[in-house]
Asks: 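My questions all concern the structure below.
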Amino acid sequence: MAYLVRKLLSLILAAVLAAGVAAAFSVPGNVMASPSVTITVYNWGQYISDGSDGYIDVISAFEEEYPDIHVNYLTYDSNETMYSKLKTGGAAYDVIIPSDYMIETLINEGMLLELDYSNIPNFEYIDDTFRNPSYDPENKYSVPYTWGRVGIIYNSLYVNEDDLTGWDILWNPSYAGKILMFDNCRDAFAIAELRLGMSLNTEDEESLTAAAELLKEQKNLVQSYVMDQIFDKMERAEAWLAPYYAGDYIFMLEENPDLGFFEPEEGYNIFVDAMCIPASSQHRREAELFINFVTDPAVCGENLEYLGYSAPSSAAKEYMDEDLAGNEVAYPDEEELERGEYFGALSTEGIRTMNSLWLDVKTSGDNLSLYIWVTAGTVAAILILWLIIEIRKKRRIARRCTNR
């Protein structure tokens, strides 16, 4: 009898354990329910805290929070590079962080998934100022990551403060060879457009051509066209002037305290970079969990304190150093921000025109024609020499035949 009781209890216990395991695998969202997956995050270079200087390592912290999700982290240097990779379908991405105008383009072309905000509850911390923006009116496709503005970074040891008035300083021959310039057409054209008093969103071919001509005039003064390369060049004083993003200036200032930042009198571009999920993503839920994690005020605060960029969440400032949270470069007042202008999405024709003119700017003044003429001359000389040798060879043969 005792044996039968023990046997019955063993069977009941086994059944309970089996039911528990089955329940664990059937509960939505349970860690055990999902096999390990890898999501690919595609972001700007040097645009996330990686654990340096004692700050949070965002990727590692996320993987610790969600041990069944691994992050493959890749970088790009411009919106246009990211768009090209996404458009050609050469790789699969799950989270991308484009700028405002590029988000509008991606939405228009059906290249983004709508977000399920039940997986992104931390969106509640995003300030009203950054909700329902013109590029994504209902926030269906994007969650703000950072925001900022473009100005001019300069080395105070070598640049005369009397010259710090407008964008024209980037055309000042006194600084020839020490000027850096954006290596992407939208930001570069914006500077020329502002100097000419144009809208940053003009598509008028005559206006764009005028901006391109102004950029050509500048080219001989430019040391190089850069993106992430600006960090080393400005920090080491290899260059003295560079238009770039305010957040990166704050980051560079830690390495070179002689750097300064000013806002040109003609105005500047204000931008928002936001997290989105490409339509090709196969891991939407995991991507949304990543977006939610990065939007958490504590994570956002520490991440952006490291980056120097501005947080779209006032709650995140509570987790930042007070000096940064009150920094006027990172958080200018409303009156100052009124001088800025946001980029909008250009039409396909407008983009094509700007890209064509930008290529013309980048190749203008190059010794391409000289190279072609020299190459052609060299080939011609070789042919002439070959003909002379052949003629002489035939004459020698003819003389030998005559002597016989």
Asks: Where do E104 and Y141 land on the side-chain hydrogen bond (donor to acceptor under 3.5 Å, both in side chains) test, with the steps shown first?
Replies: CA-CA 10 Å; E104 185 176 355; Y141 303 93; over 6 Å; no
Asks: Using a 3.5 Å distance criterion without hydrogens, assess whether the side chain of R285 forms a donor-acceptor pair with backbone atoms of N119.
Replies: no
Asks: Y145 vs Y47 aromatic rings, parallel, tilted or perpendicular, using cut-offs 30° and 60°?
Replies: perpendicular
Asks: For the residue pair K317 and Y331, would you count it as a cation-pi contact if the rule is NZ or CZ under 6.0 angstrom from the ring centre and within 45 degrees of the ring axis?
Replies: yes
Asks: Using the benzene-type ring in the case of Trp, are the ring centres of Y76 and W44 under 6.0 Å apart?
Replies: yes
Asks: Tell me, do E213 and K216 make a side-chain contact under 4.5 Å, heavy atoms counted?
Replies: yes
Asks: Does the plane of the ring in F271 sit parallel, tilted or perpendicular to the ring in Y309? Use 30° and 60° as the thresholds.
Replies: perpendicular
Asks: Can you list the steps and then say if S314 with D127 is a side-chain hydrogen bond (donor to acceptor under 3.5 Å, both in side chains)?
Replies: CA-CA 7 Å; S314 294; D127 293 344; 2.8 Å; yes
Asks: With no hydrogens and no angle check, do the side chains of S224 and Q229 hold a donor and an acceptor under 3.5 Å apart?
Replies: no
Asks: Would the number of heavy atoms belonging to other residues, nucleotides or ligands and lying under 6.0 Å from CD of E114 be above 12?
Replies: yes
Asks: Is any side-chain N of the basic residue among R195 and E266 closer than 4.0 Å to the acidic one's carboxylate O?
Replies: no
Asks: Please report whether the ring centroid of F231 lies less than 6.0 Å from that of F251.
Replies: yes
Asks: Decide whether D68 and S36 meet the rule of one side-chain donor and one side-chain acceptor closer than 3.5 Å.
Replies: no
Asks: Listed by chain and number, what are the side chain to side chain donor-acceptor pair (under 3.5 Å) partners of E217, not counting sequence neighbours?
Replies: none
Asks: Taking atom types as modelled, find out whether D136 and S142 have a side-chain donor-acceptor pair closer than 3.5 angstrom.
Replies: yes
Asks: In this structure, are over 12 heavy atoms from other groups packed under 6.0 Å from Q282 atom CD?
Replies: no
Asks: Quick one: do T353 and S356 satisfy side-chain hydrogen bond (donor to acceptor under 3.5 Å, both in side chains)? Show the steps, please.
Replies: CA-CA 5 Å; T353 299; S356 176; over 6 Å; no
Asks: For T202 and D204, which I'm curious about, is there any donor-acceptor pair between the side chains at under 3.5 Å?
Replies: no
Asks: Without swapping roles, check the side chain of E288 against the backbone of D116 for a donor-acceptor pair under 3.5 Å.
Replies: yes
Asks: Do Y66 and F62 have their ring centres less than 6.0 Å from each other?
Replies: yes
Asks: With no hydrogens and no angle check, do the side chains of N269 and Y342 hold a donor and an acceptor under 3.5 Å apart?
Replies: no
Asks: Decide yes or no for W240 and I179: does some side-chain heavy atom of the first lie under 4.5 Å from some side-chain heavy atom of the second?
Replies: no
Asks: Establish, from distance only, whether the side-chain atoms of S207 and E193 form a donor-acceptor pair under 3.5 Å.
Replies: no
Asks: Give a yes or no on whether the backbone of I291 and the side-chain of T295 come within a donor-acceptor separation of less than 3.5 Å.
Replies: yes
Asks: Quick one: pull up CG in D50 and OG in S60 and give me the separation to the nearest 0.5 Å.
Replies: 9.0 Å
Asks: So if I apply the side-chain contact (heavy atoms from CB on, under 4.5 Å) rule between M234 and each of L259, D248, N256, which one comes out positive?
Replies: L259
Asks: Can a donor-acceptor pair be found, under 3.5 Å and without considering hydrogens, that links the side chain of N292 to the backbone of N122?
Replies: yes
Asks: Check step by step if ring-ring contact (aromatic ring centres under 6.0 Å, His included) holds for Y249 and F262.
Replies: CA-CA 10 Å; Y249 156 70; F262 87 99; over 10 Å; no
Asks: Distance alone, cut at 3.5 Å: any donor-acceptor contact between the side chains of S78 and T81?
Replies: yes
Asks: Assess K85 against Y93: is NZ or CZ under 6.0 Å from the centre of the six-membered ring, and within 45 degrees of the ring's axis?
Replies: no
Asks: So, K219 side chain and S364 main chain: donor-acceptor pair closer than 3.5 Å or not?
Replies: yes
Asks: Are D163 and Y175 close enough, and set up right, to give a side-chain hydrogen bond (donor to acceptor under 3.5 Å, both in side chains), and what steps lead you there?
Replies: CA-CA 11 Å; D163 295 331; Y175 306 109; 2.5 Å; yes
Asks: Between R186 and Y101, is NZ or CZ placed under 6.0 angstrom from the six-membered ring centre and within 45° of the ring axis?
Replies: yes
Asks: For residues E349 and R352, determine if any side-chain heavy atom of one lies less than 4.5 Å from a side-chain heavy atom of the other.
Replies: yes
Asks: Distance only, no hydrogens: is a donor on one side chain within 3.5 Å (strictly under) of an acceptor on the other, for Y319 and D296?
Replies: no
Asks: What I want to check is whether the side chains of N72 and T38 have a donor and an acceptor closer together than 3.5 Å.
Replies: no
